[in-house]
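Have a look at this one.
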Amino acid sequence: MTTNKWIKSPKGYVAMAVTAYLFIASIAGHDMAGIINGIVAVGAAIAVDIPFGLMRQRKRILPDGALITGLLIALVLSTTTAWYVVAATSAIAIASKHLLIYKKKPIFNPAAFGLLLSILIFGSGQSWWGAFGDLPTWMIAFLLIGGYMITDRVNKYPQVFSFFGTFFVLLFLIGRFHLGDASDAFRPPFINAALFFGFFMLTDLPTTPAKVKDQIVFGILVAFVGAAVYDLFGGLMYLFIGLLLANLYHVFKSRLVARAINRPVSNMQPASKRG
C-alpha cells in the first residue's frame, strides 16, 4: 500500500486524528508528559505486534493498528501514569488482539481491553486528557470534526448515533426519575470521554458489525450496558465494559449465524418430510 492510499484509508484517518489530538492537548495543556507516554505506548505496542505478525507469517507487517492502539491508550491514561504501566497496558492490548481471536479477527477492541485490565491490575488513572476534558469547552469542536471524518470514512453512522442517542437518553432518564446521579456525565471530562469513545473506539472495524441493523443493535447494547454500569458503580470503566460485552455479543451472534448456514439440509426439512 502506498503512503497516499494509507493516508486515505480508515486507519490512516484515525492515526492522523489521534496524533493531532496528542499534540494539541499536550501543547494546550502545557504538559509534554502526554507525548512521552505516547512514545512509550506506541513503542510497546509495536514491539509486541511485530513478533506476532512474523509468527503468523503475515504478508503485511506494517503495525498501523498497533500505532493507533498505543495512541488511544496514551490519550486515555493519565499523563502521570508510570511509564511501565503505560507500556504494560499497550502490551496487554496488542496481546489480546492476537491471542483472543475468532476467524482470524480480534474478539475484543484491543485498546478497551487493555485499558480495562489496566484499571483492574494496576489501578491506573484514566483522565481522557486527549479528549480535551481539562481544556476549554470549545475544544470539543476538535472531537466533533475528527469524529465526523472517522465515522464517515468507516461508514459507522448507525452504530455511533444509536450509541449516543441511547446513552444520553438513558442518562437523562436516570437523572429525571432520580434513579441515580447522572449529572456529571453531561459535564467534562465525562462528556469528552463519551464523545472520544464513541467516535474513535466504538468505530473499530475488525471488532464491530458491518450491517446497518447489526450496527444499531450493537450501539444500543453498548449504551445500555454502559449506562447501567455507570449508574450502579460510577467510575470510568463503564464505557469499556459496555464495548467489550457488545464485542462478545457480536462474536456469539456471528457463530450462531455461521452454524445456521452450515446446518445440514436434512436437519432443516419439516418433520413430515423426514424418514
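In this text, all values refer to a predicted model and were calculated from it rather than measured experimentally. Counting begins at 1 with the first residue of the sequence.
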(request) May I ask whether L120 and I94 are part of the same hydrophobic cluster, defined by side-chain heavy atoms of I, L, V, M, F, W, Y residues being less than 4.5 angstrom apart, directly or through others? (result)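 Unlinked, L120 and I94 end up in two clusters.
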(request) Say whether, by atom type as modelled, one donor and one acceptor occur between the side chain of S118 and the main chain of G114 under 3.5 angstrom. (result)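 No, S118 side chain to G114 backbone: no donor-acceptor pair under 3.5 Å.
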(request) Run the ring-centre check on W128 versus F200 and record whether the distance is less than 6.0 Å. (result)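 No, ring centres 6.0 Å or more apart.
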(message) Between V48 and I50, is there shared hydrophobic-cluster membership here, with clusters defined by ILVMFWY side-chain heavy atoms closer than 4.5 Å?
(response)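 No.
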(request) Among I119, L72, V86, find the residue that satisfies the side chain to side chain contact (heavy atoms under 4.5 Å, CB included) test when tested with L77. (result)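 Going through I119, L72, V86 one by one, the side chain to side chain contact (heavy atoms under 4.5 Å, CB included) with L77 is satisfied by V86 alone.
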(request) State yes or no: are the ring centers of F197 and F163 separated by less than 6.0 Å? (result)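 Yes; F163 has its ring centre under 6.0 Å from that of F197.
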(request) To the nearest 0.5 angstrom, please state how far the OG1 atom of T79 sits from the CD1 atom of I35. (result)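 One gets 11.5 Å once the value is rounded to the nearest 0.5 Å.
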(message) Is it true that, when you exclude M237 itself, more than 12 heavy atoms of the residues, nucleotides or ligands shown sit nearer than 6.0 Å to its CE?
(response) no
(request) Write down the atom of F186, the atom of F172, and the distance for their closest heavy-atom approach. (result)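 Minimum heavy-atom separation between F186 and F172: CZ-N, 3.9 Å.
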(message) Measuring only between side-chain heavy atoms, which start at C-beta, is N109 closer than 4.5 Å to F113?
(response) no
(request) Check whether any side-chain N or O of D31 sits under 3.5 Å from a backbone N or O of S26 as a donor-acceptor pair, and report yes or no. (result)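 Pair absent, no side-chain N/O of D31 close to backbone of S26.
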(message) Can you see whether T207 engages K105 through a side-chain donor-acceptor pair at a distance of less than 3.5 angstrom?
(response) no
(request) Report the residue from V222, V217, I216 that forms a side chain to side chain contact (heavy atoms under 4.5 Å, CB included) with I220. (result)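 Among V222, V217, I216, the one that satisfies the side chain to side chain contact (heavy atoms under 4.5 Å, CB included) with I220 is I216.
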(request) Kindly give the heavy-atom pair with the smallest separation between V85 and S124, and that separation in Å. (result) CG1-CB, 4.1 Å
(message) In this structure, would I107 and L99 fall into the same cluster of hydrophobic residues linked by side-chain contacts under 4.5 Å?
(response)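 Looking at the clustering, L99 is in a separate group from I107.
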(message) Hydrophobic clusters here meaning ILVMFWY residues chained together by side-chain heavy-atom distances under 4.5 Å, can you tell me if L117 and I241 are in one?
(response) yes
(request) Calculate, to the nearest 0.5 Å, the distance between atoms CG and OH belonging to L100 and Y102 respectively. (result) 15.0 Å
(request) Could you pull out the closest heavy-atom pair between L239 and A193, with the gap in Å? (result) CD1-O, 4.0 Å
(message) Between W129 and A25 (side chain of the first, backbone of the second, donor and acceptor by atom type, cut-off under 3.5 Å), is there such a pair?
(response) no
(request) Would you please name every residue forming a ring pair (Phe, Tyr, Trp, His ring centres under 6.0 Å) with F164, sequence neighbours left out? (result) F199
(message) To check you understand the geometry: which heavy-atom pair defines the closest contact between A223 and L170, and what is its length?
(response) O-CD1, 4.0 Å
(message) Using 30° and 60° as the class boundaries, would you call the ring planes of F196 and Y21 parallel, tilted or perpendicular?
(response)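 Tilted: the ring planes of F196 and Y21 meet at 30° to 60°.
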(request) Spell out, as yes or no, whether a donor-acceptor pair under 3.5 Å connects the side chain of R153 to the backbone of K11. (result)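 Checking the backbone N and O of K11 against the side chain of R153, no donor-acceptor pair under 3.5 Å is found.
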(request) Can you measure from OG (S90) to CD1 (I73) and round to the nearest 0.5 angstrom? (result) 4.0 Å
(request) Provide the closest heavy-atom pair for A87 versus A44 in the form atom of the first, atom of the second, distance. (result) O-CB, 3.6 Å
(message) Under 4.5 Å between side-chain heavy atoms, counting indirect links through other Ile/Leu/Val/Met/Phe/Trp/Tyr residues: same cluster for I46 and I92 or not?
(response) yes
(request) Report yes if the distance between the aromatic ring centroids of F167 and F224 is under 6.0 Å, otherwise no. (result)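 Not under 6.0 Å, so no.
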(message) Looking only at side-chain N and O atoms, does D214 offer a donor or acceptor that is under 3.5 Å from a partner on H250?
(response)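 On atom types as modelled, these side chains do not qualify, holding no pair under 3.5 Å.
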(message) Looking at K156 and P209, would you say the former's side chain and the latter's main chain have a donor-acceptor pair under 3.5 Å?
(response)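 Yes: the side chain of K156 pairs with the backbone of P209.
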(request) Evaluate the ring planes of F190 and Y238, with Trp represented by its six-membered ring, and classify them as parallel (under 30°), tilted (30 to 60°) or perpendicular (over 60°). (result) parallel
(message) To check you understand the geometry: which heavy-atom pair defines the closest contact between G198 and V160, and what is its length?
(response)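 Scanning both residues completely, I find the closest heavy atoms to be O-CG2, 3.7 Å.
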(request) Determine, step by step, whether T19 and L71 satisfy the side chain to side chain contact (heavy atoms under 4.5 Å, CB included) criterion, reporting the C-alpha distance in whole Å, the side-chain angles of both residues, the deciding distance to 0.1 Å, and the verdict. (result) CA-CA 7 Å; T19 299; L71 288 171; 3.3 Å; yes
(request) Answer yes if the side chains of W83 and N37 hold a donor-acceptor pair under 3.5 Å, and no otherwise. (result) no
(message) Working to the nearest 0.5 angstrom, can you tell me the gap between F108 CZ and D204 CG?
(response) 13.0 Å
(message) Looking at N192 and A131, would you say the former's side chain and the latter's main chain have a donor-acceptor pair under 3.5 Å?
(response)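 Looks like yes, one N/O pair under 3.5 Å.
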(message) Can a donor-acceptor pair be found, under 3.5 Å and without considering hydrogens, that links the side chain of Q126 to the backbone of S78?
(response) no
(request) Measure from the side-chain N and O atoms of Q159 to the backbone N and O of F218, and report whether any donor-acceptor pair falls under 3.5 Å. (result) no
(request) Any chance you could measure L173, atom CG, to D231, atom CG, to the nearest 0.5 Å? (result) 11.0 Å
(request) Without swapping roles, check the side chain of S96 against the backbone of A93 for a donor-acceptor pair under 3.5 Å. (result) yes
(message) If I take atom OH from residue Y249 and atom OG from residue S254, how far apart are they, to the nearest 0.5 angstrom?
(response) 9.0 Å
(request) With sequence neighbours left out, write down each residue that passes ring pair (Phe, Tyr, Trp, His ring centres under 6.0 Å) with Y13, or none if nothing qualifies. (result) none
